[in-house]
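Worksheet for the structure shown next.
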Protein chains: 2
Amino acid sequence: MIRTDNLCRRFHVGDSWVHALDSVDLAIDEGDFVAVMGPSGSGKSTLMNILGCLDTPDDGRYRLLEQEVELLDDAELSRIRNVHIGFVFQSFHLLPRLTAVENVMLPLRYSNTDLLQARQHAEHLLTRLGLDDRLHHKPNQLSGGQRQRVAIARSLVNQPPLLLADEPTGNLDSKTSDEIMELFTELNRGGQTILMVTHEDEIATYARRLIRMRDGKIEDDSLN
Amino acid sequence: MIRTDNLCRRFHVGDSWVHALDSVDLAIDEGDFVAVMGPSGSGKSTLMNILGCLDTPDDGRYRLLEQEVELLDDAELSRIRNVHIGFVFQSFHLLPRLTAVENVMLPLRYSNTDLLQARQHAEHLLTRLGLDDRLHHKPNQLSGGQRQRVAIARSLVNQPPLLLADEPTGNLDSKTSDEIMELFTELNRGGQTILMVTHEDEIATYARRLIRMRDGKIEDDSLN
Ligand SMILES: Nc1ncnc2c1ncn2[C@@H]1O[C@H](COP(=O)(O)OP(=O)(O)OP(=O)(O)O)[C@@H](O)[C@H]1O
Ligand SMILES: Nc1ncnc2c1ncn2[C@@H]1O[C@H](COP(=O)(O)OP(=O)(O)OP(=O)(O)O)[C@@H](O)[C@H]1O
Ligand SMILES: [Mg+2]
Ligand SMILES: [Mg+2]
């Protein structure tokens with residue numbers, strides 16, 4: 001499903017370069033459930049952004065679902081981002097003027113879903129995540145952990161084959177975190193490929209494979 | 001240092017009320033190191049915002065440093081917020097156009113600090129938090145955990161008698177989290193009063209007292 005070869009990403013700040021990703025080789029197959037861990041600043045979010053087609057590498061290649069991503073045009077990338085990939089951002093990125101339900105329904109604009117069915121599916125996901133009495137709250141009317149759960153629901157609403165979750169439980173108490181991980185486990189058993197960044201060992205244990213990053217490189221990649 | 005009596009805060013959404021805080025009685029003395037835990041949505045951030053003079057209660061009273069907060073005017077509140085209280089927000093709230101150092105120096109505008117000394121103090125704190133090579137990065141040039149550390153440095157730069165930290169390690173790996181908690185322990189030994197919200201048990205253990213919230217109420221308040 002995912003193949004990367006010598007993936008590099010650097011940023012120029014002032015008169016120096018930050019090597020956020022430094023030759024990353026990665027192979028992820030359909031149905032994998034992978035945790036990515038590593039120190040703050042080691043390149044995890046940068047990797048996720050490239051895998052999610054939100055950023056492009058400076059060197060190296062990325063094949064996603066049999067396609068060379070650098071050869072895709074904007075329309076194809078947009079479609080992949082909205083239909084084939086579910087993304088939970090480390091900082092949520094909810095639209096402030098939309099309610100929880102409206103935020104969750106956003107990715108469904110790109111697929112030909114009946115609007116009533118879309119709404120029901122969004123409400124069902126939010127209810128599953130404990131937010132049935134928060135459906136019509138806007139993000140500034142929600143707690144940090146509630147916003148995080150809206151971001152998770154939005155990533156799942158299109159039932160995408162690939163779920164990329166960047167610190168999905170960072171703002172959640174352990175009981176709610178376990179519920180989210182039970183949901184992810186269920187989705188993975190149903191065939192969804194999941195790649196999640198976490199800094200919590202108890203969350204990483206739900207994954208079958210563990211990748212450790214350091215200074216923009218993968219330093220370890222083995223069964224969990 | 002802090003005394004609250006029947007503190008209440010409610011929000012009106014649609015045609016219903018959310019009782020975010022439901023009669024909270026709290027007493028915190030100088031030098032206390034308190035952890036606040038509870039499920040997502042239980043009122044922790046709402047409590048912190050009121051204690052930090054960023055929000056006002058709908059009922060009840062709040063005495064801070066011997067003063068009835070509701071009797072203070074805007075200028076006095078502003079001074080308290082910037083000089084007497086250090087606040088780490090759950091969503092950081094860094095100014096996007098300022099560098100890490102400039103963000104950390106912000107609270108020092110309110111105190112009569114020599115600008116060169118202010119800059120050195122800000123750089124020293126950022127270095128202590130492992131960000132010496134990120135001083136001139138703007139927030140969008142920083143990782144999630146790096147932004148979190150800038151927010152922590154900003155909260156400490158005025159050496160405020162009261163530190164309010166809302167999920168200060170939510171985006172940090174365990175090694176960096178422990179370093180932050182060692183710093184907090186050191187500051188507390190030096191006399192700083194610390195109240196921190198966390199959902200992680202390993203972080204809560206650094207505090208001497210543990211308050212548990214549920215549904216806007218304090219359900220437990222005892223030694224840790
Ligand atoms: N402006 C608002 N309007 C309406 N409801 C609000 C508003 N702010 C907070 N709430 C609600 O008040 C409750 C308490 O919110 P608060 O942010 O204090 O929770 P919390 O304990 O910090 O949760 P978390 O652990 O998820 O950060 C939540 O159920 C939230 O939906
Ligand atoms: N736009 C940018 N410009 C300059 N440097 C950047 C930029 N984005 C990221 N970086 C740097 O690249 C490195 C990797 O960032 P990244 O966000 O991938 O780290 P991370 O592993 O997700 O960290 P965290 O665990 O703190 O979220 C960091 O050191 C960061 O400062
Ligand atoms: Mg990150
Ligand atoms: Mg909160």
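Values reported hereafter were calculated over all heavy atoms of this structure, with side chains retained and with hydrogens, waters and symmetry mates removed. Letters go in sequence order (proteins before strands), and every chain restarts at 1.
Interface residue T169(A): only backbone heavy atoms are found under 4.5 Å from chain B. For chain B, the nearby parts of S40(A) are the backbone and the side chain; heavy atoms of each come within less than 4.5 Å. Contact of Q148(A) with chain B is not made at all, since no heavy-atom distance falls under 4.5 Å.
Within a 6.0 Å radius of CG in N140(B), other residues, nucleotides and ligands contribute more than 12 heavy atoms. Other residues, nucleotides and ligands contribute at most 12 non-hydrogen atoms within 6.0 Å of the CZ atom of R214(B).
Comparing D173(A), T176(A), V197(A) by how many heavy-atom pairs each has under 4.5 Å with chain B, the most go to D173(A). Options Q146(A), R147(A), H137(A), Q141(A) differ in how many heavy-atom pairs under 4.5 Å they form with chain B, and the most are formed by H137(A). Of the listed residues (G130(B), S45(B), S177(B), G144(B)), the one with the most heavy-atom contacts under 4.5 Å to chain A is G144(B). Top candidate by heavy-atom pairs under 4.5 Å with chain A, chosen from E167(B), K175(B), R149(B), is R149(B). For chain A, the option among K44(B), R134(B), M37(B) with the highest count of heavy-atom pairs below 4.5 Å is R134(B). Residue with the most contacts toward chain B among E200(A), E202(A), K138(A): E200(A) (heavy-atom pairs, distance under 4.5 Å). For chain A, the option among S143(B), G170(B), G145(B) with the highest count of heavy-atom pairs below 4.5 Å is G170(B).
Residues N188(B) and R208(B) bring a donor and an acceptor atom of their side chains to less than 3.5 Å of each other.
A153(B) approaches L125(B) most closely through the heavy-atom pair O-CD1, 3.5 Å.
Relative ring orientation between H124(B) and H121(B) is described as parallel, the plane-to-plane angle staying below 30° on a 0-90° scale split at 30° and 60°. Relative orientation of the W17(A) and H12(A) rings is parallel, given thresholds of 30° and 60° on the angle between their planes.
A salt bridge (Lys or Arg N to Asp or Glu O under 4.0 Å) with R128(B) is found for one member of E179(B), E186(B), E182(B) and no other, namely E186(B).
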